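Beneath this line is the structure, given in structure tokens, with notes to follow.
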Amino acid sequence: MGLLDILLGRTKPVVADLDRLFALPSAAVTLEAAAGFTPTGQGAVCFATVEGAAFEQSHREVQALLDADTDRDGPPVELRQDDYGYSWLVSRRAPDQLSALVNDLHAVNSQMEVNGFGPQLLCSLAGFEGPSGRRLALVYLYKRGTFYPFAPLPDGTQRRDNALELQVRAALSGDLRIEQDLSRWFPVWGAPGL
């Protein structure tokens, strides 16, 4: 980046580092010790849907890759759309198989990137459950290369438990690269895998 870019306020976009997803299993140990949250075995990758045969072929390749895993327990990987029109590729594993879930998330992101659909990738999340059935997701922002916690309140309203999110941020700051800009901690209401 040159002086002119600095003066004009231009910045280079952060390059996604998908290998940061592999820090989730160690962060899960910290999260359980600090707040009592354990993995649910569910996770998902969110991306903006694109029309066209190439995108559909990429979808099928990713889904076939993950469904071919003979160690998978339960239902195969499923493709879902949310109320906002975004697509989610949802993976389910046993709760004690967080490493396998992370491999699934990484494979989806990598395959989409290799097929030229990196710009459509938005986020990945891994679900956690805490005391009294509370839900929490650790969300990886693809375009920022950072994580943030998302904790919806259990009352069914679209409100967040900000205190819990800040507690999780403090607990995991040594394990994950946490997004410092709180305005980028987007709510993922109704996200599959949460």
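Bear in mind that the values here come from a model prediction, so they are computed numbers and not experimental data.
- A48 and L122 make their closest contact through N-CD1, 4.0 Å (heavy atoms, listed as atom of the first residue, atom of the second, distance).
- Between L138 and P149, some side-chain heavy-atom pair lies under the 4.5 Å cut-off.
- The backbone N or O of I178 lies less than 3.5 Å from no partner atom in the side chain of R169, so there is not a single donor-acceptor pair.
- A donor-acceptor pair shorter than 3.5 Å can be found between the side chains of T157 and R159.
- Grouping the Ile, Leu, Val, Met, Phe, Trp and Tyr side chains by contacts below 4.5 angstrom, directly or via other members, places F128 apart from L153.
- Between the side chain of T40 and the backbone N or O of G127, at least one donor-acceptor pair lies under 3.5 Å.
- V114 and L21 end up in different hydrophobic clusters when Ile, Leu, Val, Met, Phe, Trp and Tyr side chains are linked at under 4.5 Å.
- The closest donor-acceptor contact from the side chain of Y148 to the backbone of E165 lies at 3.5 Å or more, if one exists at all.
- If you take SG on C46 and CD on Q120, they are separated by 11.5 Å, rounding to the nearest 0.5 Å.
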side-chain contact (heavy atoms from CB on, under 4.5 Å) assessment of S124 paired with N109: CA-CA 8 Å; S124 297; N109 282 291; 2.9 Å; yes
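- Separating the CG atom in D17 from the OH atom in Y140 is a distance of 5.5 Å, to the nearest 0.5 Å.
- Atoms CZ and CD, on R144 and Q180 in that order, are 10.0 Å from each other to the nearest 0.5 Å.
- Taking the side chain as every heavy atom from C-beta outward, W88 and L125 approach each other to under 4.5 Å.
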Step-by-step side-chain contact (heavy atoms from CB on, under 4.5 Å) determination, H106 to D19: CA-CA 8 Å; H106 189 275; D19 289 346; 3.2 Å; yes
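- Between P152 and L194, the closest side-chain pair of non-hydrogen atoms falls below 4.5 Å.
- F150 pairs by the ring pair (Phe, Tyr, Trp, His ring centres under 6.0 Å) definition with W189, not counting sequence neighbours.
- The cluster map of Ile, Leu, Val, Met, Phe, Trp and Tyr, joined by side-chain heavy atoms under 4.5 Å apart, puts F186 and L182 in the same cluster.
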Chi angles and distances behind the side-chain contact (heavy atoms from CB on, under 4.5 Å) call for C123, F147: CA-CA 9 Å; C123 68; F147 289 88; over 6 Å; no
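- Residues L79 and Y142 fall within the same hydrophobic cluster, defined by Ile, Leu, Val, Met, Phe, Trp and Tyr side chains chained together at heavy-atom separations under 4.5 Å.
- At a threshold of 4.5 Å between non-hydrogen side-chain atoms, the residues L18 and S110 count as touching.
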Working for side-chain contact (heavy atoms from CB on, under 4.5 Å), residues L101 and L24: CA-CA 10 Å; L101 178 66; L24 279 172; over 6 Å; no
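- Counting heavy-atom neighbours within 6.0 Å of D83 CG, excluding the residue itself, gives a total of 12 or less.
- The pair R134-D161 meets the salt-bridge criterion, since a charged nitrogen lies less than 4.0 angstrom from a carboxylate oxygen.
- Residues F47 and L89 have side chains in contact (heavy-atom distance under 4.5 Å, counting atoms from C-beta outward).
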